[in-house]
Visitor: 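Sharing a structure with you now.
Keep in mind the model is a prediction, meaning the values are calculated, not measured.
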Amino acid sequence: MTVRPITRVALIGAGALALLGPLTATTAAAVSDGGRGADRVLAAPYAVEPYETVNVRSGPARSYAKVGSVAAGQPRGAYCWTRGETISDHGYTNNVWVKLVEGYVSAVYLKGNAYGDLPASATC
């Protein structure tokens, strides 16, 4: 039986999908759920969690555009931290901002240490 080249590609692709089934399903869920927290964690090396609803900014200061928000208790993927505008709230003062998948949030609103529980070495 002769297999045409396009059929081989389709068969190879089907085999690859079979091997990557769980990964593909997770990725599809992350895309289809409208950006829910747990799926956003998969896209970055670290996870952070705000203890109250926090605004997400396009840069590390309140003067940057608001690009969204993260609800209290919703984990988010984070890449690194950087210094930015100093924020004071709930008795805490900090100039650390954490870069999420969506943008930046002040570490003042994140559970954990002064870096939102990212390692001190995880600078942007």
Side-chain angles (χ1 to χ4, degrees):
M1 173 176 171
T2 303
V3 178
R4 296 188 326 215
I6 195 156
T7 306
R8 281 190 195 150
V9 172
L11 292 173
I12 292 169
L17 285 177
L19 290 174
L20 297 175
L23 176 63
T24 305
T26 301
T27 305
V31 171
S32 67
D33 77 349
R36 295 191 55 190
D39 296 324
R40 291 285 189 158
V41 172
L42 298 175
Y46 306 105
V48 296
E49 186 176 325
Y51 64 86
E52 70 176 48
T53 299
V54 62
N55 290 328
V56 180
R57 305 274 179 186
S58 61
R62 290 179 293 183
S63 60
Y64 285 89
K66 179 182 170 187
V67 295
S69 63
V70 180
Q74 289 294 313
R76 283 294 193 264
Y79 293 105
C80 56
W81 65 269
T82 189
R83 303 260 180 217
E85 178 185 3
T86 299
I87 303 294
S88 295
D89 202 358
H90 301 292
Y92 296 102
T93 299
N94 196 335
N95 69 347
V96 172
W97 289 70
V98 175
K99 181 164 178 29
L100 307 180
V101 174
E102 304 96 321
Y104 291 85
V105 295
S106 171
V108 165
Y109 301 103
L110 300 176
K111 293 180 180 179
N113 62 19
Y115 306 107
D117 261 0
L118 271 65
S121 61
T123 57
C124 296

Visitor: Donor-acceptor pair, distance only, cut-off 3.5 Å: does the side chain of W97 make one with the backbone of T86?
Guide: no
Visitor: Please name the pair of heavy atoms, one in A114 and one in A107, separated by the smallest distance, quoted to 0.1 Å.
Guide: O-CB, 3.4 Å
Visitor: I need the minimum non-hydrogen distance between T53 and A72, along with the two atoms involved.
Guide: OG1-N, 3.5 Å
Visitor: What distance do S121 atom OG and Y115 atom OH have between them, rounded to the nearest 0.5 Å?
Guide: 10.0 Å
Visitor: Among residues two or more places apart or on two chains, list those pairs meeting disulfide bond (SG atoms under 2.5 Å apart) that have a residue in residues 79-111.
Guide: C80-C124
Visitor: For the side chain to side chain contact (heavy atoms under 4.5 Å, CB included) test, which of D117, V54, L118 pairs with V48?
Guide: L118
Visitor: May I ask you to establish whether K99 and Y104 are in a cation-pi arrangement, using a distance under 6.0 Å from NZ or CZ to the six-membered ring centre and at most 45° from the ring axis?
Guide: yes
Visitor: So which heavy atom on E52 is nearest to which on H90, and how close?
Guide: OE1-NE2, 2.7 Å
Visitor: What distance do L110 atom CG and Y51 atom OH have between them, rounded to the nearest 0.5 Å?
Guide: 8.5 Å
Visitor: Could you list the donor-acceptor pairs under 3.5 angstrom formed by side chains in residues 61-68, with sequence neighbours left out?
Guide:
| unit_1 | atom_1 | unit_2 | atom_2 | d |
| --- | --- | --- | --- | --- |
| R62 | NE | E85 | OE2 | 2.9 |
| R62 | NH2 | E85 | OE2 | 2.6 |
| K66 | NZ | N55 | OD1 | 3.3 |

Visitor: Looking at R76 and E49, is any side-chain nitrogen of the basic one under 4.0 Å from a carboxylate oxygen of the acidic one?
Guide: no
Visitor: Between P50 and A71, which heavy-atom pair has the shortest distance, and what is it?
Guide: CG-O, 3.5 Å
Visitor: Where is the tightest heavy-atom contact between P60 and T82, given as atom of each residue plus distance?
Guide: CB-CG2, 4.0 Å
Visitor: Partners of N94 by side chain to side chain donor-acceptor pair (under 3.5 Å), sequence neighbours excluded?
Guide: none
Visitor: Under the criterion side-chain contact (heavy atoms from CB on, under 4.5 Å), I'd like the reasoning laid out for L100 against V105: C-alpha separation, chi angles, the key distance, then a yes or no.
Guide: CA-CA 7 Å; L100 307 180; V105 295; 3.7 Å; yes
Visitor: In the structure I gave you, are the side-chain heavy atoms of V70 and Y109 within less than 4.5 Å of one another anywhere?
Guide: no
Visitor: With rounding to the nearest 0.5 Å, note down the distance linking OG in S58 to CD in E102.
Guide: 13.0 Å
